[in-house]
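Only one structure is covered here, and it is reproduced in the block below.
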Number of protein chains: 2
Amino acid sequence: MIEGDAPTRRTAPATLHDVAREAGVSLATASRSLNGSARKVNEEYRERVLAAAAKLGYTPNLSAQAVARGTSTTVALLVADIADPYFSSLAAGVVGAAGDDRLIVTMAETKRDSARELELVRAMRGQRPRVMILAGSRDIGDPNAAALEAELTAYEQTGGRAVFVSESDLPFRTLPLANRAGGRDLAVALHELGYRRFTALAGPETLRTAHDRIAGFAEGLASVGAQLPADRLVRSSFTRDGGYDAMRRLLEAGIGDTQLVFALNDVMAMGAMSAIRDAGLEPGRDLAVAGFDDIPTVRDVTPRLTSVRMPLERIGEQALRLALEDGADAASARASSTDVSTEVVLRESTPGPAA
Amino acid sequence: MIEGDAPTRRTAPATLHDVAREAGVSLATASRSLNGSARKVNEEYRERVLAAAAKLGYTPNLSAQAVARGTSTTVALLVADIADPYFSSLAAGVVGAAGDDRLIVTMAETKRDSARELELVRAMRGQRPRVMILAGSRDIGDPNAAALEAELTAYEQTGGRAVFVSESDLPFRTLPLANRAGGRDLAVALHELGYRRFTALAGPETLRTAHDRIAGFAEGLASVGAQLPADRLVRSSFTRDGGYDAMRRLLEAGIGDTQLVFALNDVMAMGAMSAIRDAGLEPGRDLAVAGFDDIPTVRDVTPRLTSVRMPLERIGEQALRLALEDGADAASARASSTDVSTEVVLRESTPGPAA
DNA sequence: CTGTTAGCGCGTTCAC
DNA sequence: GTGAACGCGCTAACAG
């Protein structure tokens with residue numbers, strides 16, 4: 001032959017029908033052999049079917065199964081920003097746990113836009129996911145909250161299960177995160193180190209997570225007789241650049257007698273440390289810094305960053321577990337939430353005040 | 001009423017049939033109004049259908065659509081480790097681009113295990129994804145390569161499209177990454193700064209990406225008359241801990257006259273810097289360090305890390321574009337790959353040799 | 001342009 | 001235990 005081989009033609013995937021024919025059994029038997037609930041099929045047939053399936057390279061069509069069964073094996077995950085270490089760690093947890101249950105996870109990004117989030121929820125409902133995990137951040141006074149609640153309520157009424165990671169005002173299962181308690185503990189620990197005058201680099205005022213952390217921090221200070229004055233608070237976005245920018249503005253305006261800067265999450269803290277350095281100061285020595293989340297990289301920055309550990313991967317796992325749990329066990333959900341409690345990790349970025 | 005409200009009963013999701021009935025039109029008309037390709041439906045009917053759909057909170061069942069159409073709107077993405085900044089950035093790119101095309105992305109983790117990867121590919125085929133993006137790392141001499149190729153070939157013959165991010169030995173569309181060229185450029189740039197004696201912190205010997213980067217680096221050195229002796233190479237895993245561990249071992253064994261440590265990716269470099277510090281030395285001053293990838297956090301470590309920029313998000317986008325492209329344009333694929341070219345970014349971790 | 005009908009691939013009753 | 005037949009929600013001819 002002078003011409004090349006005939007190009008391998010595009011074929012349709014093997015269907016269950018093909019397998020049944022190949023094995024010389026009925027569709028029903030083939031189905032039962034490959035998935036069937038109660039294994040009430042002759043061993044010989046069963047083997048023939050399995051062999052045929054292997055020979056044909058058969059893979060069950062998940063969509064078709066979903067349609068026939070009326071249930072999918074999908075879990076939908078919504079995060080604010082996949083590239084953010086906070087969310088990517090959490091996602092890793094969800095994906096890992098999903099794999100154990102042979103569930104498939106689909107992912108989307110809200111980009112911190114609640115209108116976009118609402119739209120995404122609507123779109124993802126088309127997949128008829130078994131569960132939907134909303135890990136994107138909650139806004140206090142979100143104008144889309146009602147619409148989101150309606151959408152999720154409808155979703156749950158049609159058999160789905162929605163779970164929020166971290167508190168929301170919406171009436172759905174929630175994996176509470178110890179943002180408040182963590183902030184409290186951090187404040188107390190820092191006070192114990194001798195720090196007295198703080199400034200906070202906060203996220204947007206309406207961001208629930210930011211709100212809780214700062215509130216907890218203020219409570220913690222109050223509990224030991226200190227305080228966080230309202231003017232000691234710089235707002236910006238909840239990102240690395242937000243942290244950098246807030247710190248830069250703070251330095252330009254003058255940090256006054258501030259001893260320690262509390263950035264509401266680690267990526268902000270890292271940005272803040274860079275801003276401090278760019279201003280010719282040394283983080284830790286000239287100005288202490290603390291973060292929140294304890295993402296992996298804070299061990300590798302200089303000085304190592306004091307933070308509040310959030311077991312992100314475990315949180316992702318727990319969120320899925322909580323979603324999958326049988327109805328009534330709200331209690332057990334609370335119980336297992338001890339797994340996701342926080343812990344203050346003191347490091348070199350808060351060596352204690354110079355004096 | 002003394003008893004509470006009747007509990008909202010679990011209902012089945014609204015179906016297209018429901019919408020049609022509500023709007024008083026046929027199934028086909030409803031279908032056409034909501035999805036139909038050419039909009040050849042009476043405006044009045046159309047509006048009635050849309051209203052009915054809205055009233056009923058109808059969302060098309062994607063699984064059913066997939067079954068009926070014979071095509072899904074899913075793209076499957078395989079990465080080694082979601083929590084790794086390299087992969088999470090890449091994933092963000094894929095998800096972003098997918099959203100533009102109204103595609104849904106499902107994600108799974110190979111955990112750098114090729115057997116697991118093979119299994120995952122098989123499982124994901126069940127979704128009948130339109131495209132499959134394999135971004136997990138390739139192993140040279142992978143014993144599962146043949147099986148993977150068979151699986152992917154079967155997948156493509158049934159209408160799917162497989163795309164590899166970074167070169168593999170397998171005959172599928174590939175988005176080439178400039179690992180070799182990047183290594184070369186880095187070597188030349190460092191040599192120009194005055195560095196002459198290097199040690200590399202490499203990943204596993206069989207890891208293709210690591211191999212290419214180190215080979216490129218050696219080539220670059222050779223091109224300017226320098227070299228990387230074979231014994232100047234410490235193996236470990238391709239992770240932060242791998243970098244830390246390799247550096248620790250290197251320090252224990254004695255770094256000799258090494259001026260600069262080239263870690264084959266940024267997370268390794270960050271681990272290495274921590275190890276250097278833990279040994280009482282100062283990265284940059286006592287020992288220069290360079291990484292690869294230019295992940296976001298390298299701007300925030302101290303000293304800022306010299307690296308080779310890989311536009312990870314864009315790479316993710318391009319991978320999807322490449323997968324979605326019409327048949328014959330292998331050429332244009334190459335062309336667009338200029339978008340994903342690398343660039344050396346010199347920073348403080350390589351200030352130039354002391355002498 | 002509209003409605004009827006036949007599938008898509010699979011699970012599952014129901015008789016045999 | 002097995003197979004035939006129906007249904008899942010939807011699209012795509014096919015006639016009107």
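Predicted model, so just to flag it, every value in this text is computed and none were measured. Within every chain, numbering begins at 1; the chains are lettered A, B, ... in the order of the sequence lines, protein sequences first and strands thereafter.
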Original post:
With a cut-off of 6.0 Å (strictly less than), are more than 12 heavy atoms of other residues, nucleotides or ligands near CD of B:E22?
Top reply: yes
**OP:** Return the value, rounded to whole Å, for the distance between atom CZ of B:R69 and atom P of D:dA12.
**Re:** 6 Å
Original post:
What is the distance from CG of A:L34 to P of C:dT12, rounded to the nearest Å?
Top reply: 13 Å
Subject >> Distance below 4.0 Å between B:N42 side-chain N/O and C:dT2 OP1 or OP2 >> reply: yes
Original post:
Charged N to carboxylate O below 4.0 Å: is that the case for B:D142 and B:R208?
Top reply: no
**OP:** Using a strict 4.0 Å threshold on nitrogen-to-oxygen distance, state whether A:E317 and A:R321 make a salt bridge.
**Re:** no
Original post:
Where the side chain of B:A68 is defined as all heavy atoms beyond and including C-beta, which of C:dC1, D:dG3, D:dC10 is the nearest nucleotide?
Top reply: D:dC10
Original post:
So which one's nearest nucleotide on DNA chain C is more toward 5', B:R128 or B:G24?
Top reply: B:G24
**OP:** Examine the base of C:dG3 for any acceptor or donor lying under 3.5 Å from a partner atom in the side chain of B:R32, and report the outcome as yes or no.
**Re:** yes
**OP:** For B:Y58 and D:dG9, give me the distance from atom OH to atom C1', rounded to whole Å.
**Re:** 7 Å
**OP:** Describe the nucleic acid contact of B:T15 in one word from base, sugar-phosphate, nothing, applying a heavy-atom distance below 4.0 Å.
**Re:** sugar-phosphate
Subject >> Distance, rounded to the nearest Å, where B:H17 contributes NE2 and D:dT11 contributes P >> reply: 15 Å
Original post:
In terms of side-chain heavy atoms, does A:S114 have a donor or acceptor partner in A:D139 at a distance below 3.5 Å?
Top reply: no
Original post:
Any chance the side chains of A:Q127 and A:T106 put a donor and an acceptor closer than 3.5 Å?
Top reply: yes
**OP:** Check every atom of D:dT2, C:dC10, D:dG9 against the side chain of B:N61 and return the nucleotide holding the closest atom.
**Re:** D:dG9
Original post:
Between atom OG of A:S137 and atom CD of A:E117, what is the distance when rounded to the nearest 0.5 Å?
Top reply: 8.0 Å
Original post:
What integer distance in Å separates B:Q65:CD from C:dG9:C1'?
Top reply: 16 Å
**OP:** Please determine if a side-chain N or O atom of B:N35 lies less than 4.0 Å away from the OP1 or OP2 oxygen of D:dC10.
**Re:** no
Original post:
For B:P13, which contact category applies under a 4.0 Å heavy-atom criterion: base, sugar-phosphate, or nothing?
Top reply: nothing
Original post:
Which nucleotide, D:dC10, C:dC10, C:dG3, lies nearest any side-chain atom of B:L16?
Top reply: D:dC10
Subject >> Whole-Å gap separating C1' (C:dG3) and CZ (B:R21) >> reply: 17 Å
**OP:** Between A:L27 and A:E43, name the one whose nearest nucleotide on DNA chain D is closer to the 5' end.
**Re:** A:E43
**OP:** State whether B:S26 places a side-chain N or O below 4.0 Å from either non-bridging phosphate oxygen (OP1 or OP2) of C:dT4.
**Re:** no
**OP:** Return the nearest nucleotide to the side chain of A:V67; candidates are D:dA13, C:dC10, D:dC8.
**Re:** D:dC8
Original post:
To the nearest angstrom, how far is A:D18 atom CG from C:dC8 atom C1'?
Top reply: 13 Å
**OP:** Send over the distance from B:L62 CG to D:dT11 C1', rounded to a whole Å.
**Re:** 14 Å
Subject >> Nearest to side-chain heavy atoms of A:S31, which nucleotide of D:dT2, D:dG9, C:dG11 >> reply: C:dG11
